[in-house]
Amino acid sequence: MGHYGFLFFAALLKNTIEKRREARNLNSTSVVASVDIVASSLLGIIMWWIKDGTEYSAEYIADQITLMYRRRYL
């Protein structure tokens with residue numbers, strides 16, 4: 001994935017997080033983490049998984065991410 005692919009994927013993650021927050025009416029609260037920080041952490045996990053952690057299934061990684069964020073911050 002080239003530089004532009006990386007930027008596109010990061011923007012896609014941010015957009016998805018923002019839309020989920022809007023749907024859950026979380027944008028107006030001060031309890032949520034920064035969209036940039038959440039998107040960057042997700043991107044970091046995915047990059048690590050692709051590079052070093054592919055012994056784990058996609059389902060396992062998705063479950064772990066869900067446990068981390070528990071739908072409250074996304």
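Note that these values count all heavy atoms, side chains included, but never hydrogens, waters or copies made by symmetry.
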Residues which pass ring-ring contact (aromatic ring centres under 6.0 Å, His included) with Y60, listed by chain and number, not counting sequence neighbours: Y56
Criterion side-chain contact (heavy atoms from CB on, under 4.5 Å) on V38 and L13, from CA distance to verdict: CA-CA 9 Å; V38 174; L13 278 174; over 6 Å; no
side-chain hydrogen bond (donor to acceptor under 3.5 Å, both in side chains) pairs, two or more places apart, involving residues 41-52: S41-Y69
Straight-line distance of I17 CD1 to R20 CZ, nearest 0.5 Å: 9.0 Å
Which residues share a side chain to side chain donor-acceptor pair (under 3.5 Å) with N15, sequence neighbours left out: none
With sequence neighbours excluded, residues passing salt bridge (Lys or Arg N to Asp or Glu O under 4.0 Å) with D63: none
Residues that I37 engages under side-chain contact (heavy atoms from CB on, under 4.5 Å), provided they are two or more places apart: S34
Min side-chain heavy-atom separation Q64-I45 under 4.5 Å: no
Distance, nearest 0.5 Å, that separates OG1 of T16 from CZ of R21: 12.0 Å
Value rounded to 0.5 Å, distance of CG in L7 from CG in L12: 12.5 Å
Sequence neighbours excluded - salt bridge (Lys or Arg N to Asp or Glu O under 4.0 Å) pairs with any residue from residues 33-49: K14-D36
